[in-house]
Amino acid sequence: MSGSAHSEHAESKVRYGMVIDLDKCTGCGACSVACQQENNVSFRPDESDKLRTLSWMTLYRLENGADYPDYRVAMLPRPCMHCDSPHHSPCTFVCPVNATIRDEHTGIVDHVAVRCIGCRYCMVACPYHARSFNWWDPTWPKSMEAMLTPEVSPRMRGVVEKCTFCHHRLNLARDRARLNGEDPDTVVYTPACAEACPTRAITFGNLKDPNSEVAKLAKDARAFRILEKLHTEPKVYYLSSAQWIRRQSDNNL
Amino acid sequence: MDKALIPEGVKRCPLPVFGLWMLFLLAVIAWGIYAGLTVLIKGLNVTGLNNYFGFGLYITVDLGIIALGAGAFFSGFMYYGLSRFFPRLKELHKIINLAVIVGFCCYTGALLVLLLEIGQPLRGWFGYWHANVHSMLTEVIFCISCYAIVLIIEFVPIILENRKLDAVKPLHIFGHNLHEIMAIFAMTGTFLSFFHQGSLGGVPGVMFGRPFAYRTGFFIWPWTFFLFTLSAMACGPAFTALICRIIEKVSRKTLVDRSVYELIAKVTGSLLLIYLILKTLDTLYWALDTAPGFGFKLSDFYEAPYGMWLLFTELGVCGVLPVILLLTPQTRNSNGLLFLGFFLNCAGIVINRFVMTVQALAIPVMPFDQWAVYIPTWAEWAPCIAMLAYGAVIVSLSYRYLPIFPREKELNP
Ligand code: SF4
Ligand code: SF4
């Protein structure tokens with residue numbers, strides 16, 4: 001399981017990734033709401049049972065455990081990490097029906113809802129809890145139905161779902177590139193969460209392009225990833241200068 | 001009519017008593033079917049599962065029951081395969097029919113429960129159609145279905161031995177011929193079982209994002225692959241022996257010679273001992289090397305209600321103790337201790353399956369995440385209990401109408 005992050009993906013020019021600056025994040029939840037709206041993530045009238053909730057971008061609350069006045073709190077937005085471990089992501093090689101696979105051209109971990117049999121093995125295998133199961137039929141208030149995103153199919157009851165890095169936006173960007181006579185394989189686009197973040201804490205782009213903002217930030221001295229020791233090789237990086245936050249990125253750091 | 005179906009020369013309880021027993025079992029099954037339909041119609045939200053516990057009681061029971069059903073393949077392997085070299089194993093022919101029937105109940109029952117477990121049961125066949133060769137679950141799906149078919153083929157000649165059916169000439173010839181080639185199916189079953197028992201162990205073992213379950217291993221297989229196969233071999237025949245004893249107690253008859261129990265005790269006791277040694281080594285390596293490599297201390301994995309007591313119960317009370325009870329001649333001589341040994345052996349393996357599925361998911365992997373607890377609902381208990389009742393129906397009918405114990409007549413003159 002060890003090895004450098006991209007050792008088996010030498011052929012691809014693109015590895016889409018994300019950097020989230022926790023020092024800039026105010027925990028406003030705009031990313032989460034934008035994601036929910038953009039991707040037609042359904043919800044229930046009573047969302048108090050968080051263990052059964054559908055969420056692609058979950059906000060975790062980190063605390064430093066000290067007493068007032070040293071008490072500190074931070075929010076950590078967690079999309080799917082689009083794990084890039086060599087060979088497979090934790091979730092992809094366990095799926096018995098190939099319903100979740102990593103696109104080796106982009107590094108995006110996709111999920112085919114209409115093929116998913118709902119065995120939940122992928123959910124069990126993902127250490128980040130990035131996947132949620134559709135426990136109920138998806139419903140929206142009547143007034144919201146007209147606002148559903150036409151490019152994203154709603155998922156049916158009994159299947160798993162998760163963040164796709166707004167894959168449909170990538171497809172639109174590719175189409176635009178083709179029309180403009182550009183190379184569709186190297187397009188840059190912005191997922192809904194990054195677009196919605198009011199403090200610009202989220203940066204998205206091609207990690208393999210050394211000139212991209214995201215590649216530079218990923219090499220920043222403040223950069224870290226969650227659970228590095230597991231070698232899942234997340235393509236989501238976090239930035240923070242606070243030691244107590246960085247310590248919570250991995251067990252017994 | 002009922003009398004004409006009962007094997008010649010043996011006594012069975014009066015039909016009304018048997019009818020009442022059947023009615024009771026059918027009521028339990030009806031309750032399970034109601035729960036199953038509720039799950040299918042309303043969805044898995046009626047269960048206690050959630051986004052943290054994607055696997056729960058259904059999977060635990062499936063893994064447990066498939067391990068306990070391993071008596072069919074392993075007894076078959078010993079009787080049809082190994083008895084050539086170890087003639088003492090020929091004794092097993094006195095219990096082999098029951099082993100097949102118990103295995104049949106376990107596997108078909110597990111498949112029924114499995115149907116409820118997936119969120120999209122109508123797409124169950126995707127497992128064959130879109131098979132992902134890297135997934136341990138794919139191997140499980142293929143092997144279990146094939147093995148269930150093998151068990152049906154093994155069960156048919158036993159059914160055809162029914163007095164009335166046997167009187168029909170073509171059926172008699174068909175059944176007889178099937179008997180002749182049964183060794184081939186027994187060996188096919190052994191091969192299939194070895195792999196799917198192992199892959200069931202691989203299911204938790206390959207999850208490299210879950211330090212509690214993840215194991216390093218040999219080639220593409222994590223150690224749990226081999227441990228699951230070995231533990232199933234150690235508890236399968238013990239479970240068959242337990243069922244046999246229950247039938248003996250209920251019918252107040254001796255059905256097999258005590259030597260059969262003795263033999264099973266020695267075989268399963270020895271296998272359990274080997275398993276325990278390997279499991280202990282595996283646990284130590286995991287606790288001292290694998291888990292710390294991922295940043296975990298052993299104590300991180302054991303919290304209420306899934307505390308250290310589970311590990312102690314699994315390996316001590318249900319591991320070391322049954323090994324002593326089954327392998328010491330003095331304790332083996334006492335019926336009470338012998339069957340306690342069999343029971344503890346089976347219980348330990350079921351706890352192991354529970355730990356590898358449910359406890360593995362209770363542990364937060366991200367440091368800022370929460371420890372979770374899972375409580376199954378009636379919609380999960382009912383189908384599982386009904387599956388046991390289904391097994392009891394098949395075993396009761398088989399015992400009443402089929403000559404499954406070749407020594408019954410002589411032992412109960
Ligand atoms: S974060 Fe989870 S769901 Fe996303 S790629 Fe990694 S293992 Fe899969
Ligand atoms: S829940 Fe769906 S995507 Fe996940 S492993 Fe099962 S079939 Fe694959």
Side-chain angles (χ1 to χ4, degrees), chain A residues 1 49-55 60-63 76 78 83 85 87-99 101 115-129 131-137 156-160 226-227 229-232 247-253, chain B residues 42-47 49-55 59 114 117-141 203-204 206-211 213-214 216 291-297 300 357 360-361 364-370 372:
Chain A
M1 295 310 154
D49 182 0
K50 290 296 166 206
L51 288 176
R52 284 247 178 113
T53 204
L54 284 171
S55 165
Y60 283 87
R61 182 190 168 92
L62 311 186
E63 294 175 25
L76 181 140
R78 188 245 48 222
C83 302
S85 38
H87 184 50
H88 273 290
S89 314
C91 57
T92 52
F93 82 122
V94 299
C95 176
V97 295
N98 283 307
I101 28 181
R115 191 187 283 172
C116 173
I117 59 172
C119 68
R120 304 182 299 287
Y121 192 7
C122 56
M123 231 164 79
V124 165
C126 169
Y128 303 99
H129 292 298
R131 290 170 174 260
S132 343
F133 186 72
N134 280 273
W135 300 98
W136 288 272
D137 288 313
M156 63 294 277
R157 184 182 90 192
V159 303
V160 155
I226 309 180
L227 301 176
K229 288 198 193 105
L230 293 186
H231 302 294
T232 54
R247 255 201 313 278
Q248 292 193 49
S249 66
D250 216 332
N251 290 288
N252 292 307
L253 258 190
Chain B
K42 292 197 175 164
L44 285 162
N45 56 64
V46 296
T47 65
L49 298 167
N50 56 47
N51 291 338
Y52 276 22
F53 289 98
F55 291 172
I59 294 281
L114 220 50
E117 201 278 331
I118 57 176
Q120 288 283 335
L122 289 178
R123 293 183 193 162
W125 58 279
F126 281 15
Y128 309 96
W129 198 251
H130 298 292
N132 171 14
V133 292
H134 301 286
S135 174
M136 284 286 160
L137 214 49
T138 301
E139 204 170 304
V140 172
I141 293 172
V203 166
V206 296
M207 298 193 298
F208 64 93
R210 291 287 191 165
Y214 176 66
T216 43
F294 289 154
F296 280 91
K297 297 187 298 298
D300 294 335
T357 41
L361 304 181
V365 185
M366 291 185 290
F368 46 83
D369 208 358
Q370 310 254 315

> Picking from A:Val94, A:Asn134, A:Thr92, which has the most non-hydrogen pairs under 4.5 angstrom with chain B?
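Greatest number of close heavy-atom pairs with chain B: A:Val94.
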> Which pair of heavy atoms, one from B:Leu137 and one from A:Cys119, lies closest together, and at what distance?
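Minimum heavy-atom separation between B:Leu137 and A:Cys119: CD2-SG, 3.9 Å.
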> Using non-hydrogen atoms and a 4.5 Å limit, figure out which bit of A:Cys83 sits close to chain B: side chain, backbone, both or neither.
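For A:Cys83, neither part sits under 4.5 Å from chain B.
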> Side-chain contact, heavy-atom cut-off 4.5 Å: B:Asn50 with A:Asp49?
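Side-chain contact under 4.5 Å: no.
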> Under 4.5 Å, counting heavy-atom pairs only, tell me which of B:Met136, B:Glu117, B:Gln370 racks up the most with chain A.
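Highest number of pairs under 4.5 Å: B:Glu117.
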> Would you call the rings of B:Phe208 and A:Phe93 parallel, tilted or perpendicular, where under 30° means parallel and over 60° means perpendicular?
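B:Phe208 and A:Phe93: tilted rings.
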> Is the closest side-chain heavy-atom distance between A:Leu76 and B:Met366 below 4.5 Å?
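No, side chains not in contact.
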> Looking at side-chain heavy atoms only, is the closest gap between A:His129 and B:Asn51 below 4.5 Å?
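They are not in contact (no side-chain heavy atoms under 4.5 Å apart), so the answer is no.
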> For chain A, which candidate among B:Thr357, B:Leu44, B:Asn45 shows the most heavy-atom pairs at distances under 4.5 Å?
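Option with the greatest count: B:Asn45.
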> Do A:Trp135 and B:Leu49 come within less than 4.5 Å of each other through their side chains, counting heavy atoms only?
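Yes, side chains in contact.
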> Quick check: closest heavy atoms across B:Gly209 and A:Pro127, and the distance to 0.1 Å?
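Answer, listing the atom of B:Gly209 first, then A:Pro127: O-CB, 3.1 Å.
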> If you count heavy-atom pairs within less than 4.5 Å of chain B, which of A:Ala99, A:Ser89, A:Ser132 leads?
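Result: the option with the highest number of such pairs is A:Ser132.
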> I'd like to verify something: which residue of A:Arg131, A:Arg78, A:Met123, A:Glu63 has the highest number of heavy-atom pairs under 4.5 Å with chain B?
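Result: the option with the highest number of such pairs is A:Met123.
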> Tell me, for B:Thr216 versus chain A, whether the close heavy atoms (under 4.5 Å) come from the side chain, the backbone, both or neither.
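Neither the backbone nor the side chain of B:Thr216 comes within 4.5 Å of chain A.
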> To the nearest 0.5 Å, how far apart are CZ in B:Phe368 and CZ in A:Arg61?
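The CZ atom of B:Phe368 sits 14.0 Å away from the CZ atom of A:Arg61.
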> Which pair of non-hydrogen atoms, one from A:Asn252 and one from B:Asp300, has the smallest distance, and what is that distance?
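Scanning both residues completely, I find the closest heavy atoms to be ND2-OD2, 3.9 Å.
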> Between A:Tyr60 and chain B, with a heavy-atom cut-off of 4.5 Å, which part of the residue counts as in contact: side chain, backbone, both or neither?
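Only the side chain of A:Tyr60 comes within 4.5 Å of chain B.
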> Between the main-chain N or O of B:Phe53 and the side-chain N or O of A:Arg120, is there a donor-acceptor pair closer than 3.5 Å?
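The answer is no, because no donor-acceptor pair under 3.5 Å joins these two groups.
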> Evaluate the side-chain proximity of A:Asn251 to B:Phe294: yes if any heavy-atom separation is below 4.5 Å, no if none is.
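No, side chains not in contact.
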> Working to the nearest 0.5 angstrom, can you tell me the gap between B:Gln120 CD and A:Arg115 CZ?
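Here the rounded value is 14.0 Å.
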> Please walk me through it: do B:Arg123 and A:Val159 pass side-chain contact (heavy atoms from CB on, under 4.5 Å)?
CA-CA 11 Å; B:Arg123 293 183 193 162; A:Val159 303; 3.6 Å; yes
> Check whether A:Ile117 gets within reach of chain B through its side chain, its backbone, both or neither, counting any heavy atom under 4.5 Å.
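Both parts, backbone and side chain.
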> In terms of heavy-atom pairs under 4.5 Å with chain A, which of B:Trp129, B:Phe296, B:Tyr128 leads?
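Winner by heavy-atom pair count: B:Phe296.
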> Does a side-chain heavy-atom distance below 4.5 Å link A:Tyr121 with B:Met207?
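Side chain of A:Tyr121 against side chain of B:Met207, heavy atoms only: contact under 4.5 Å found.
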> Looking at A:Lys229, I'd like to know if its NZ atom is crowded, meaning that more than 12 non-hydrogen atoms belonging to other residues, nucleotides or ligands lie closer than 6.0 Å.
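Enclosed.
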> To check you understand the geometry: which heavy-atom pair defines the closest contact between A:Gln248 and B:Pro367, and what is its length?
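The pair with the smallest heavy-atom distance is O-CG, 3.2 Å.
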> Sort B:Val140 into side chain, backbone, both or neither according to what part of it lies under 4.5 angstrom from a heavy atom of chain A.
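Interface part for B:Val140: neither.
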> Pick one of side chain, backbone, both or neither for A:Leu51, based on which atoms fall under 4.5 Å of a heavy atom in chain B.
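Answer is both: backbone and side chain atoms of A:Leu51 are under 4.5 Å from chain B.
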> Over all heavy atoms of both residues, which pair between A:Pro96 and B:Ile141 is shortest? Give the atoms and the distance, please.
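Smallest heavy-atom distance, with atoms named: CB-CD1, 4.1 Å.
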> Of the backbone (N, CA, C, O) and the side chain (C-beta and beyond), which part of B:Lys297 lies under 4.5 Å from a heavy atom of chain A, both, or neither?
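For B:Lys297, the contact with chain A is made by backbone and side chain together.
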> Can you tell which part of B:Leu361 gets under 4.5 Å to a heavy atom of chain A, answering side chain, backbone, both or neither?
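The side chain, not the backbone.
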> State, yes or no, whether a side-chain contact exists between A:Cys95 and B:Thr138 at a heavy-atom distance under 4.5 Å.
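A:Cys95 does not reach B:Thr138 side chain to side chain.
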